[in-house]
S.K.: 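Structure in C-alpha cells, see below.
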Amino acid sequence: QVQLVESGGGLVQPGGSLRLACATSGLQLDYYAIGWFRQAPGKEREGISCSSNKAGSTHFADSVKGRVAFSRDNAKNTVYLELNNLKSEDTAVYYCAAGNPLPCLMGQLTETGYDYWGQGTQVTVSS
C-alpha cells in the first residue's frame, strides 16, 4: 500500500523559512516523480515543483522560483521542499504526490500522471 505523509507545515512570519517533508512508503522512490502542489483558500490547486526521478530534472513554478529548494533522500524514502523568504501569498495547504516521471521530465507542473497523494500540510504566513 502506497502512502505519502507530509509534515513540517505551520505558522511562520513573512520572510521566514520552512522545510516540508514527504515521507513515502510502499513505492521505490527512485522510479517515481514527486510533485509538490499547493491550494490556497478559494483557489485551484497549483503545481509548484517536481523532480522526475533520481536521474531526472527538477522544475519550479515562477511563483516560487528562487525561493524553494527540492531534495530527495532515497535511502529514507523522503523528499523535502525548503521554502524561503515566505510571503503571505504562500499561505496554502501543501501536498506531495508521486507518479509517472514523464510529465515532469517534460517540465509540466500539472496533476497529470500523479497517482498517489498525501493528505496535505498547512502553511500559514502571517505576522
S.K.: What are the two closest non-hydrogen atoms of Ala98 and Ile34, and how far apart are they?
M.R.: CB-CD1, 3.7 Å

S.K.: Leu83, Tyr95: one ILVMFWY side-chain cluster at the under-4.5 Å cut-off?
M.R.: no

S.K.: Considering residues at least two apart in sequence or located in another chain, which fulfil the side chain to side chain donor-acceptor pair (under 3.5 Å) criterion with Ser25?
M.R.: none

S.K.: Applying side chain to side chain contact (heavy atoms under 4.5 Å, CB included), can you list everything that pairs with Val2, at least two apart in sequence or on another chain?
M.R.: Leu4, Leu27, Tyr116

S.K.: Can you list everything that forms a side chain to side chain donor-acceptor pair (under 3.5 Å) with Lys65? Sequence neighbours excluded, please.
M.R.: Asp62

S.K.: Answer yes or no: is there a side-chain heavy-atom contact under 4.5 Å between Thr91 and Gln122?
M.R.: yes

S.K.: Give me the atom names and distance for the closest heavy-atom approach of Pro14 to Ser126.
M.R.: CD-C, 3.6 Å

S.K.: Show every salt bridge (charged side-chain N to carboxylate O under 4.0 Å, His left out) that has at least one partner inside residues 113-127, sequence neighbours left out.
M.R.: none

S.K.: Answer with yes or no whether the hydrophobic clustering places Leu109 together with Phe70; edges join I, L, V, M, F, W, Y residues whose side-chain heavy atoms lie under 4.5 Å apart.
M.R.: no

S.K.: Sorted by first residue and then second, give each side-chain hydrogen bond (donor to acceptor under 3.5 Å, both in side chains) pair with at least one member in residues 77-86; sequence neighbours left out.
M.R.: Ser17-Asn84

S.K.: Quick test of your reading: applying salt bridge (charged side-chain N to carboxylate O under 4.0 Å, His left out), list the pairs with at least one residue in residues 6-18, sequence neighbours left out, ordered by first then second residue.
M.R.: none

S.K.: Strictly by disulfide (SG to SG under 2.5 Å), give each pair with a member in residues 61-127 just once, sequence neighbours left out.
M.R.: Cys22-Cys96, Cys50-Cys104

S.K.: About how many Å separate CG of Leu18 and CG of Leu81, when rounded to the nearest 0.5 Å?
M.R.: 10.0 Å

S.K.: By side chain to side chain donor-acceptor pair (under 3.5 Å), which residues pair with Tyr94, not counting sequence neighbours?
M.R.: Arg38

S.K.: For Arg67, check side chain to side chain donor-acceptor pair (under 3.5 Å) against everything at least two apart and list the hits.
M.R.: Asp90

S.K.: Quick one: does Ser52's side chain have a donor or acceptor within less than 3.5 Å of a partner on Ser57's backbone?
M.R.: yes

S.K.: Could you tell me which non-hydrogen atom of Pro101 sits nearest to which non-hydrogen atom of Tyr31, and how far apart they are?
M.R.: CG-O, 3.5 Å

S.K.: Could you check if a side-chain atom of Val5 sits within less than 4.5 angstrom of a side-chain atom of Gln119, using non-hydrogen atoms only?
M.R.: yes

S.K.: Just verifying a value: how many Å separate Ser49 OG and Phe60 CZ, rounded to the nearest 0.5 Å?
M.R.: 4.0 Å

S.K.: Report the residues that fulfil ring-ring contact (aromatic ring centres under 6.0 Å, His included) with Tyr114, sequence neighbours left out, ordered by chain and then residue number.
M.R.: Phe37

S.K.: Strictly by side-chain hydrogen bond (donor to acceptor under 3.5 Å, both in side chains), give each pair with a member in residues 100-111 just once, sequence neighbours left out.
M.R.: Arg45-Glu111, Thr110-Thr112

S.K.: What's the spacing between Leu29 CG and Ser51 OG if we round to 0.5 Å?
M.R.: 8.5 Å

S.K.: What's the spacing between Thr24 OG1 and Arg72 CZ if we round to 0.5 Å?
M.R.: 9.0 Å

S.K.: Taking side chain to side chain contact (heavy atoms under 4.5 Å, CB included) as the test, write out the residues that go with Glu89, two or more places apart.
M.R.: Lys87

S.K.: Less than 4.5 Å apart, any side-chain heavy atom of Leu20 and any of Thr121?
M.R.: yes

